[in-house]
There are 2 protein chains.
Amino acid sequence: MSVTIKDIAKLAGVSHTTVSRALNDSPLINPETKERIKAIAGSMNYTPNYSARSLVLDRSYNLGLFFSTLHSGTSAGFLYEAIKGVNDVIKDQYNLIVRGIDDYKSYHNVNRKSFDGLIVMSQSRSDQSFIEYATDKEIPLIVLNRQVDGNRVMNLVPDDQSGAFKVVEHLIVHGHRRIAIIEGKTGFKSTQARRDGYLQALSRYGVAIQDGFAERGDYDFESGYAAMSRLLKLEDGPTAVFCSNDDMAVGAIKAITNHGLRVPEDISVVGFDDDLFSGFMTPALTTVRRPIEEMSRAGAVKLLSFIEKKEVERSTVFFNTELVVRDSVQTISGGQ
Amino acid sequence: MSVTIKDIAKLAGVSHTTVSRALNDSPLINPETKERIKAIAGSMNYTPNYSARSLVLDRSYNLGLFFSTLHSGTSAGFLYEAIKGVNDVIKDQYNLIVRGIDDYKSYHNVNRKSFDGLIVMSQSRSDQSFIEYATDKEIPLIVLNRQVDGNRVMNLVPDDQSGAFKVVEHLIVHGHRRIAIIEGKTGFKSTQARRDGYLQALSRYGVAIQDGFAERGDYDFESGYAAMSRLLKLEDGPTAVFCSNDDMAVGAIKAITNHGLRVPEDISVVGFDDDLFSGFMTPALTTVRRPIEEMSRAGAVKLLSFIEKKEVERSTVFFNTELVVRDSVQTISGGQ
DNA sequence: GTGAAAGCGCTAACAG
DNA sequence: CTGTTAGCGCTTTCAC
């Protein structure tokens with residue numbers, strides 16, 4: 001059996017209460033006994049039983065980092081940056097539990113007792129029921145990435161629409177008028193926001209929307225490839241394509257190349273997300289940077305202060321996206 | 001306050017003991033009372049307090065998925081596939097805790113009480129001390145990816161060396177004799193295994209090793225770019241480059257392109273890992289597939305049976321890698 | 001089949 | 001400054 005505070009108490013000739021207090025740095029304890037007890041604890045290789053502590057303190061020391069889904073629509077880079085961001089912030093004391101919300105058959109095991117707090121990386125409205133569930137249960141919650149309807153949670157989101165606007169504007173400024181879009185996964189809020197940014201830019205600059213220039217994708221490489229292949233069959237095809245994320249942009253570029261055309265000489269391609277590889281592919285991708293890691297870090301900080309100081313701040317904070325200009329856009333003189 | 005078995009007991013007019021037994025499907029309980037109690041529990045929206053259960057059962061329901069490091073040398077795809085693999089297997093009952101081993105200031109909080117089991121995704125010998133620590137503490141443990149010295153743990157590893165051999169052999173068969181290597185992060189076991197495979201292929205085919213053809217990288221895009229840039233300064237440069245992972249291959253290709261040369265027409269490039277994007281980049285990358293997700297899944301299954309049935313199997317299982325031929329290698333007639 | 005009682009390891013009044 | 005006592009919610013003898 002492992003060593004408990006009672007074992008230490010026996011050896012130190014004090015009560016187990018004193019041991020508990022000493023180990024928790026209570027100011028009530030004589031500094032010398034405190035040191036003595038800590039020394040003994042150390043030499044006995046004592047580790048606290050967190051289950052016991054959790055039971056009495058009513059804290060689990062578990063933090064959840066939940067994604068809408070882990071199976072599709074979540075890019076590896078996204079997951080990576082989010083985990084890194086959160087793990088950087090939380091202390092040794094907390095456990096970070098990573099899950100896809102759609103992996104849960106029932107939310108039953110998600111409750112105040114099991115989680116001190118929750119970070120939801122929301123990509124789709126499909127997790128709305130989960131967010132409501134957590135709010136109901138009064139689990140400290142922070143929602144990242146997607147703006148939640150109703151605004152009753154702490155919400156950190158990138159400004160996807162203005163990001164999309166910027167990158168499409170970039171295309172227009174470089175002379176493009178025939179600009180297609182490959183959209184993201186249906187039902188994802190980001191899909192809609194990026195489409196809106198695209199449309200907003202076109203309309204702001206008085207660029208006509210062409211028939212057949214809107215293709216559906218679902219945020220993975222394959223779908224970008226497939227969507228671009230369809231675009232390439234068009235009689236009067238686009239001179240530029242806005243892909244709703246970088247993964248699809250990679251797929252689109254592949255399709256263009258396989259078709260015997262070049263990027264950006266024949267067709268310009270831009271993406272969204274600024275994935276880790278985007279600067280290193282050929283051609284380097286012009287895209288929009290979403291500050292996932294910063295957002296995750298900020299979210300974790302807010303969550304901890306929520307948990308520890310009980311300060312709740314039910315507001316939506318927007319994080320700026322940033323246009324990253326690289327080599328996948330060609331300046332053209334024509335126009336339509 | 002949340003509802004406990006005592007509340008249910010009161011309402012059902014039985015003792016809390018009976019409630020506990022009913023909820024745990026004890027065969028001792030009258031089927032009718034069992035149903036009645038379950039119904040009441042359901043209607044009261046009862047959820048068990050895991051801390052309490054953990055305390056008495058001496059199980060935490062926590063599983064750890066630990067990486068050597070989350071900060072460098074771990075590619076996003078690697079993390080992604082590992083998490084997916086493990087999460088697919090573990091039941092709703094377990095929490096999956098994801099961490100970088102180097103994030104722990106002390107391993108103190110990692111113990112039998114806090115973790116029912118551990119999966120270590122080992123990339124470097126730097127986590128050897130952690131593995132020994134966990135073994136000492138008798139925490140059910142399974143080590144993935146790196147073959148551990150001493151062979152005293154359950155160990156699932158890809159056969160990196162033979163994978164590297166295959167892809168370098170592929171280069172040789174296609175006429176290449178001047179083959180450079182960009183190595184992985186120093187100290188990683190995979191770095192060594194892949195270098196060994198490279199050397200083995202050269203020596204098997206009697207290909208000479210050239211001075212200055214071995215460059216050091218550290219598994220990220222930037223380092224691949226930098227290493228390739230150095231290679232490009234060589235007077236009599238390589239016709240082909242074996243990059244120890246795909247990320248670095250992307251960086252290398254970028255360097256080549258920026259240098260005004262083409263892949264594969266001027267220089268052939270191969271990678272290792274078969275990252276998610278590798279088939280979709282241009283040119284599509286010839287590489288070696290490492291079955292991370294399958295390995296993770298298999299590891300999780302083994303770990304659970306270890307935990308639940310106490311069956312330990314201290315053996316090393318090798319997972320086959322697979323040569324994935326795509327478009328980044330040119331057949332050349334010459335030789336040196 | 002069911003209940004009474006004990007105890008897992010810890011913290012927190014309360015008393016001194 | 002320290003100890004006594006109780007209790008967190010649950011499972012598990014042991015008795016009936």
Side-chain angles (χ1 to χ4, degrees), chain A residues 1-38 40-41 44-62 93 108-109 111-116 137 308, chain B residues 1-38 40-41 44-62 93 108-109 111-116 137 308:
Chain A
M1 235 19 244
S2 41
V3 8
T4 73
I5 50 171
K6 283 187 187 167
D7 301 326
I8 300 174
K10 221 168 287 170
L11 240 147
V14 295
S15 78
H16 72 279
T17 312
T18 302
V19 175
S20 169
R21 285 199 267 248
L23 262 22
N24 286 308
D25 261 331
S26 156
L28 302 172
I29 301 288
N30 182 318
E32 281 141 41
T33 26
K34 193 185 282 188
E35 279 322 305
R36 199 162 55 85
I37 289 172
K38 282 188 177 181
I40 296 177
M44 294 181 80
N45 232 312
Y46 167 78
T47 55
N49 182 320
Y50 273 82
S51 301
R53 180 181 284 177
S54 291
L55 180 57
V56 52
L57 254 32
D58 206 22
R59 321 255 270 87
S60 64
Y61 300 102
N62 285 162
Q93 245 184 348
H108 223 232
N109 288 334
N111 51 61
R112 258 203 102 94
K113 303 269 182 239
S114 298
F115 291 93
D116 288 350
K137 289 257 177 180
E308 275 154 20
Chain B
M1 231 24 239
S2 42
V3 11
T4 72
I5 49 172
K6 283 187 189 170
D7 301 326
I8 300 174
K10 222 169 287 170
L11 241 147
V14 294
S15 76
H16 73 279
T17 312
T18 303
V19 174
S20 168
R21 285 199 267 246
L23 262 22
N24 287 307
D25 262 331
S26 156
L28 302 173
I29 301 289
N30 182 319
E32 281 140 40
T33 27
K34 192 185 284 186
E35 278 323 306
R36 198 163 56 84
I37 289 172
K38 283 188 175 180
I40 296 177
M44 294 182 80
N45 233 312
Y46 168 78
T47 54
N49 182 320
Y50 273 82
S51 300
R53 181 182 284 178
S54 291
L55 179 57
V56 50
L57 253 33
D58 207 21
R59 319 254 270 88
S60 63
Y61 300 102
N62 285 163
Q93 243 184 351
H108 224 230
N109 288 334
N111 51 61
R112 257 202 102 93
K113 303 267 183 242
S114 298
F115 291 92
D116 289 350
K137 288 258 177 180
E308 277 155 19

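Below, read A as the first sequence line, B as the second, and so on, with proteins coming before strands; counting in each chain starts at 1. The shown structure was predicted, so the numbers you read here are calculated from the model rather than taken from an experiment.
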J.: Between P31(B) and V56(B), who's closer to the 5' end of DNA chain C by nearest nucleotide?
T.: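 The residue whose closest nucleotide sits nearer the 5' end is P31(B).
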
J.: Measure across S54(B) and S60(B) and return the closest heavy-atom pair with its distance rounded to 0.1 Å.
T.: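 Looking at all heavy atoms of both residues, the closest pair is OG-CA, 3.8 Å.
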
J.: Quick one: D58(B) CG to dT12(D) C1', roughly how many Å, whole number?
T.: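 Computing the D58(B):CG to dT12(D):C1' distance gives 14 Å.
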
J.: In whole Å, what is the span from the CD1 atom of I37(A) to the C1' atom of dT11(C)?
T.: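 Rounded to whole Å, this separation is 15 Å.
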
J.: Between D58(A) and R112(A) (salt bridge meaning N to carboxylate O under 4.0 Å), is one present in this structure?
T.: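 No, this pair does not count.
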
J.: Within this structure, what is the CZ-to-C1' distance between R112(B) and dC8(C), rounded to whole angstrom?
T.: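 The distance from CZ of R112(B) to C1' of dC8(C) comes to 16 Å, rounded to the nearest Å.
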
J.: Just checking, is any N or O donor in the side chain of N109(A) or Y50(B) under 3.5 Å from an acceptor N or O on the other one?
T.: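 There is such a pair between these side chains.
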
J.: If the cut-off is 4.0 Å, is R21(B) near the phosphate of dT11(D), judged by side-chain N/O to OP1 or OP2?
T.: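 No, outside the criterion.
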
J.: To the nearest 0.5 Å, what is the distance between NZ (K113(B)) and CG (L55(B))?
T.: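 Interatomic distance, K113(B) NZ to L55(B) CG, rounded to 0.5 Å: 9.0 Å.
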
J.: Rounded to whole angstrom units, what separation is found between the CZ atom of R36(A) and the P atom of dT2(D)?
T.: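 Taking atom P of dT2(D) as the reference, CZ of R36(A) is at 9 Å.
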
J.: Rounded to whole angstrom units, what separation is found between the CG atom of D7(A) and the P atom of dC8(C)?
T.: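 The distance from CG of D7(A) to P of dC8(C) comes to 11 Å, rounded to the nearest Å.
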
J.: Between dT11(D) and H16(B), counting only base atoms on the nucleotide and side-chain atoms on the residue, is there a donor-acceptor pair under 3.5 Å?
T.: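 Yes.
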
J.: Classify the side chain of T17(A) versus the base of dT11(C) as yes if they form a donor-acceptor pair under 3.5 Å and no if they do not.
T.: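 Side chain to base: no pair present.
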
J.: Measuring to OP1 and OP2 of dC8(C), would you say a side-chain N or O of N49(A) lies under 4.0 angstrom away?
T.: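 Answer no for this pair, as no side-chain N or O of N49(A) is under 4.0 Å from OP1 or OP2.
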
J.: Of the candidate nucleotides dT11(D), dC8(C), dT11(C), which contains the atom at the shortest distance from the side chain of L57(A)?
T.: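 The closest nucleotide is dT11(C).
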
J.: Indicate, with a heavy-atom threshold strictly under 4.0 Å, whether L55(B) touches base, sugar-phosphate, or nothing.
T.: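 The answer is base, as L55(B) lies within the cut-off (heavy atoms under 4.0 Å) of a base atom.
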
J.: Would you kindly give the NZ-to-P distance between K113(B) and dC8(C), to the nearest whole Å?
T.: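 Going from NZ in K113(B) over to P in dC8(C) covers 11 Å.
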
J.: Look at Y46(A) and dC10(C) and indicate whether a side-chain polar atom (N or O) is within less than 4.0 Å of OP1 or OP2.
T.: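 Yes, because at least one side-chain N or O of Y46(A) sits under 4.0 Å from OP1 or OP2 of dC10(C).
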
J.: Given dG9(C), is OP1 or OP2 found less than 4.0 Å from the side-chain N or O atoms of T4(A)?
T.: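 Answer is no, no contact under 4.0 Å.
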
J.: Taking only N and O in the side chain of T18(B), is any of them less than 4.0 Å away from OP1 or OP2 of dT2(C)?
T.: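 So the side-chain polar atoms of T18(B) never come under 4.0 Å of the phosphate oxygens OP1 or OP2 of dT2(C).
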
J.: Check the phosphate of dT2(C) against T33(B), side-chain N and O only, distance under 4.0 Å to OP1 or OP2. Yes or no?
T.: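 Checking dT2(C) against T33(B), a side-chain N or O does come within under 4.0 Å of OP1 or OP2.
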
J.: Within the 4.0 Å heavy-atom criterion, would you say S54(A) contacts the bases, only the backbone, or no part of the nucleic acid?
T.: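 S54(A): no heavy atom of the nucleic acid under 4.0 Å.
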
J.: What is the distance, to the nearest angstrom, from the CG atom on N24(B) to the P atom on dC10(D)?
T.: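 My rounded result for the distance is 10 Å.
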
J.: Assuming nearest nucleotide by heavy-atom distance, tell me which of A52(B) and L28(B) is located more 5' along DNA chain C.
T.: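 The residue whose closest nucleotide sits nearer the 5' end is L28(B).
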
J.: Taking CG from D25(B) and P from dT12(D), how many angstroms apart are they, rounded to a whole number?
T.: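 Value for this atom pair: 14 Å.
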
J.: If only side-chain N and O atoms count, and only distance matters, is there a donor-acceptor pair under 3.5 Å linking D7(A) with Y46(A)?
T.: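 D7(A) and Y46(A) do not have a side-chain donor-acceptor pair below 3.5 Å.
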
J.: R53(A) and N24(A): side-chain contact (heavy atoms from CB on, under 4.5 Å), yes or no, with the steps?
T.: CA-CA 12 Å; R53(A) 180 181 284 177; N24(A) 286 308; 3.7 Å; yes

